[in-house]
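Letters A, B, ... mirror the listed sequences (proteins, then strands); counts begin at 1. On a predicted model such as this, the values are computed, not experimentally measured, just so you know.
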2 protein chains.
Amino acid sequence: MKRVTMADVAKAAGVSKSTVSQFLNKRYEHMGEETKEKIREAIERLGYHPNYIARSLKQKRTAMIGIIVANIMHSFSTEISRAIEDFCHEHDMHAIVCNADDDPVKERKYIEMLRARQVDGLILFPTGGNLELYKQMEQERYPVVFVDRKISEVNIRTIVVNNKEATYQAVAHLIEKGHRDIAIITPPLTIYPRIERMNGYKQALNDYRIPIKQEYMISTEIQRMISELSRLFALPDKPTALVAGNDLSFFEVMKFLKENGLRVPNNVAVVVFDNIPFASFSEPTMTTIAQPAYAMGKKAAELLLQQIHHHEELPDSNLYTFPCTLMIRESSSRALI
Amino acid sequence: MKRVTMADVAKAAGVSKSTVSQFLNKRYEHMGEETKEKIREAIERLGYHPNYIARSLKQKRTAMIGIIVANIMHSFSTEISRAIEDFCHEHDMHAIVCNADDDPVKERKYIEMLRARQVDGLILFPTGGNLELYKQMEQERYPVVFVDRKISEVNIRTIVVNNKEATYQAVAHLIEKGHRDIAIITPPLTIYPRIERMNGYKQALNDYRIPIKQEYMISTEIQRMISELSRLFALPDKPTALVAGNDLSFFEVMKFLKENGLRVPNNVAVVVFDNIPFASFSEPTMTTIAQPAYAMGKKAAELLLQQIHHHEELPDSNLYTFPCTLMIRESSSRALI
DNA sequence: TTGTATGCGTTATCAA
DNA sequence: TTGATAACGCATACAA
C-alpha cells in the first residue's frame, strides 16, 4: 500500500513535479498537448491520487469546516447539520460534525481539536461555558457562526429563532381554546432558548390575566421529568394543557401520558416546541412549534463561507432571527368547554 | 490570525524545535525540569496550538476514519454512526460522516475524497455499484469494513443482521395471530437486505402453506408508495396485516392509513423492520423488528481499528451477523378471529 | 539532555 | 512552456 506521489508521476512522465502540479490544478493554458498527454497517461498507469493533507499544509486551508452541535439526539441538530452539509457540498467544502452533549468541557475539546485540524471555520451551538475561547476566536477573527443560542458577551454572527414570541403564540392558542390551566415542561433553564420560551409562556399568561403558578412550570433533567409529571398530575387543579419545551421533553410527556392512561387531547392538550417527524400522522396528530431548521442551517453555512472566503467585516447587526410556525393539529384543537 | 508555530515557541523558550517536539509528545524522560518549564511558559504565552495537518503529513496517519452511510435519513444509519463515533472517541480517533444517498456516483466521489484526505480507514454501507473500487481497496489492504450489505464479490469484513430470519419470524407472528392476508412494502429491491427481507416473507408464507400473491408485495420508490397502497387497499381481498420493510416505508404507511381513516390494529395490523424512536409510546404502540444498531456500529469500529492498528489478516469468516429482536407491541397484538 | 539536518507531498516563486 | 528550489509545520535519526 505504498502511496504513489507526484514525484513518481513526474518521473514516469519524464517531466518535473511542478509541471505535474500545474496540470493537476488545471493551469494548463500554455502547456504542450503532448506534455499533458504524458502526464495524464502516467497518472492513470500509476493510479495516482493527490494527497490533500500535503496540499492543505501548503495552502493553509483544508476546505473543511467543523460543526459542534449541542446534542445530536435533537432532530433540530441533525436537520441543521444536514442543511449545512448540503450547502458545503455545493461549494466544494466538507463538514465534520461533533457532539458536545451540552458539556462545556467537551465543547472546548472539540473546538481545539477541530482548530488543530485546521478547519477553515466553525459553526457552533455554544454551551455558553467557554467565554474566553469565544472571545479569543472573535479577536483572532477566526470564522465562526453561532446557532440556536445568543451569547451576549461576544460579537459573533448568530442564528436564532423567535423563541419567546413563538411560545407566546402557542400559549395564546391554548388559551383561546379555553384552557386556563396550562403547564410547561422544559429541560433546566441553563441556556438562552429555554429561558426565552419560558418567558414567552409567562408573558402570554400575564397578558391574558391568568395567574402564573409555580407548580405548572417544570424545568428539570430529562431523567426526572416523569416523576415531576406525576406530581403535576396529582395536583387538585391538574393542568388541561401542556407545552413541551423541546422534542426530548415531549417524548417524556408522551411516555408519561401513555403509562397513565391519559388521552390527548381529551384529557390534556399538548403542544411541542420542535419539529417532530411523525407529528402529521401520529394518533392524534401533534401541534408543533416548527423551527425552520433547514433554512437556519443554510444561512449559517452561508454566513460562515462568506467569512472564510471574503474575510468580511461584521455588519452592524449580527443576529439573524428566524420565525417559527405554529402548526395547529389535533393534539390542541379540541375546544375546552 | 497569524499562526504561531513550533519554531516560534522554540525561539521564545530559547531551545530548539526538536526539544519542543519532544516536550509535546510527552517524551520528557530525560528533559531538564527547567527546560520543560521554559517551554510550557512559552507555549502558554504565545498561545501555541500544534498543527495536526503538518503532523499527519509526517506521520502518515490522520487519526480520522470516514463513514459513508447509505441514507442519513434512516435512523439506523445515524444510530450506527453514533456508535462508531463513540468508539472512535474512546480511542482518540475521529470520524467524518458522509451521505451517499444510495448513489454509486456519490459513493465513489466520497471514497476518493476521504482517501485523498488520508483517512486511516473507511466504514461503508456499500451501494454495490463500485465493485472495482471495493476490489482495489481490498487488494491494497486498505482498512475497510462494510455495514448492512454483503457484497459477495469481495472479501471484506461485513456487519449485517439476519434479515431473512427476522422477517420470517415477524410474518410467522402475524400468521399466528390469525392473519392470512399479509402484505409487505419495501423500497426497490436493489440491495441485499431488502431482498433478504422479502425472501423471509415468502419463506414464512410458504412454510405456513399460505399462497403468495404478487399484488401483496410492493417494492417501489418512497414517492410512489402512497399510490401503491391505495391500489392495495382497493383490492377485494385487502390485506389485514402489513409489514413495512424499513422506517421510511413505515412513515408512508402511517400517512396513508391516517388519510384513509384506517385504524391500527383494528383495520390492519402493522409490523415495521427498523427501530422507530416512538414505537413504545405511540398510539398504538408499534411492533418493530429491532436491529441492534449500536452494537453493530461498535463492532464495525472495533474491526476497523483493529485493521488500522494491527494490520491483521482476515479471519476465515469475514461476515458478522447480528440477530434482530421482534418487539411485539399493540400494532400487531390483536388476534384476528 | 539538547540540537542539526532531513523528509513528508504539495504549491509557489522565479529562472531558464 | 517547463524546471529548480524553497517553503508549509512537524517528527525523527543521529550527532553533539
Side-chain angles (χ1 to χ4, degrees), chain A residues 1-40 42-43 46-64 112-113 115-120, chain B residues 1-43 46-64 112-120:
Chain A
M1 203 189 111
K2 56 165 188 10
R3 298 275 310 164
V4 21
T5 77
M6 234 174 57
D8 301 322
V9 174
K11 194 184 299 171
V15 297
S16 80
K17 284 197 299 179
S18 351
T19 309
V20 177
S21 177
Q22 306 269 37
F23 174 85
L24 288 170
N25 292 289
K26 317 242 189 267
R27 304 213 40 83
Y28 29 49
E29 292 136 23
H30 341 273
M31 198 177 314
E33 193 52 56
E34 158 192 47
T35 311
K36 280 196 275 189
E37 191 43 55
K38 279 191 304 190
I39 296 176
R40 211 182 335 259
I43 288 177
L46 301 180
Y48 166 76
H49 292 283
N51 181 330
Y52 287 14
I53 291 283
R55 169 188 296 181
S56 293
L57 179 61
K58 184 64 187 175
Q59 295 194 153
K60 293 166 172 291
R61 59 183 298 276
T62 54
M64 301 203 322
E112 286 173 350
M113 185 278 286
R115 293 204 58 182
R117 289 198 193 286
Q118 313 297 116
V119 297
D120 297 335
Chain B
M1 202 188 106
K2 53 164 189 16
R3 298 278 309 165
V4 23
T5 79
M6 232 174 58
D8 300 324
V9 174
K11 193 185 300 172
V15 297
S16 80
K17 285 196 299 178
S18 27
T19 308
V20 178
S21 178
Q22 307 268 38
F23 175 85
L24 289 172
N25 292 290
K26 316 241 189 269
R27 302 211 42 82
Y28 27 51
E29 292 135 24
H30 342 273
M31 199 177 312
E33 193 51 56
E34 161 191 45
T35 311
K36 282 197 272 188
E37 191 42 56
K38 277 191 304 187
I39 295 176
R40 213 182 333 259
E41 185 273 335
I43 287 177
L46 301 180
Y48 167 76
H49 293 284
N51 180 332
Y52 287 15
I53 289 284
R55 170 188 296 179
S56 294
L57 180 60
K58 179 69 187 174
Q59 296 194 154
K60 292 165 173 294
R61 60 183 297 275
T62 53
M64 302 205 320
E112 287 174 348
M113 185 279 285
L114 288 167
R115 294 204 58 185
R117 289 198 192 286
Q118 312 299 114
V119 296
D120 297 335

Is there a salt bridge (charged side-chain N to carboxylate O under 4.0 Å, His left out) between B:Glu112 and B:Arg115 once you walk through the steps? CA-CA 5 Å; B:Glu112 287 174 348; B:Arg115 294 204 58 185; over 6 Å; no
Kindly say if A:Ser16 contacts the phosphate of D:dT2, meaning a side-chain N or O under 4.0 Å from OP1 or OP2. no
Does A:Thr35 place a side-chain N or O at less than 4.0 Å from the phosphate oxygens OP1/OP2 of D:dT2? yes
Enter the distance from A:Arg117:CZ to B:Arg55:CZ here, rounded to the nearest 0.5 Å.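 Answer for the CZ-CZ pair, A:Arg117 versus B:Arg55, is 9.5 Å.
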Starting from [atom2] on [N], measure out to [atom1] on [X] and report it in whole angstrom.
{"X": "B:Asp8", "N": "D:dC8", "atom1": "CG", "atom2": "P", "value": "11 Å"}
{"X": "B:Ile43", "N": "D:dC10", "atom1": "CD1", "atom2": "P", "value": "10 Å"}
{"X": "B:Lys11", "N": "C:dG3", "atom1": "NZ", "atom2": "P", "value": "15 Å"}
{"X": "B:Glu37", "N": "C:dT1", "atom1": "CD", "atom2": "P", "value": "17 Å"}

Near B:Lys36 NZ, under 6.0 Å, is it more than 12 heavy atoms from other residues, nucleotides or ligands? yes
Does a side-chain N-to-carboxylate-O contact under 4.0 Å join B:Lys38 and B:Glu41?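 Judged by the 4.0 Å cut-off on N to carboxylate O distance, B:Lys38 and B:Glu41 do not form a salt bridge.
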Along nucleotides 7-16 of chain C, 5' to 3', which nucleotides get a B, which get an S, and which get a -, given that the test is a protein heavy-atom distance under 4.0 Å? BBBBBB----
Looking at residues at least two apart in the chain, or sitting in another chain, which of them share a ring pair (Phe, Tyr, Trp, His ring centres under 6.0 Å) with A:Tyr48?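 If we apply the ring pair (Phe, Tyr, Trp, His ring centres under 6.0 Å) test to A:Tyr48, skipping adjacent residues, there are no hits.
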Looking only at the side chains, is there a donor atom on one of A:Ser21 and A:Ser18 sitting less than 3.5 Å from an acceptor on the other? no
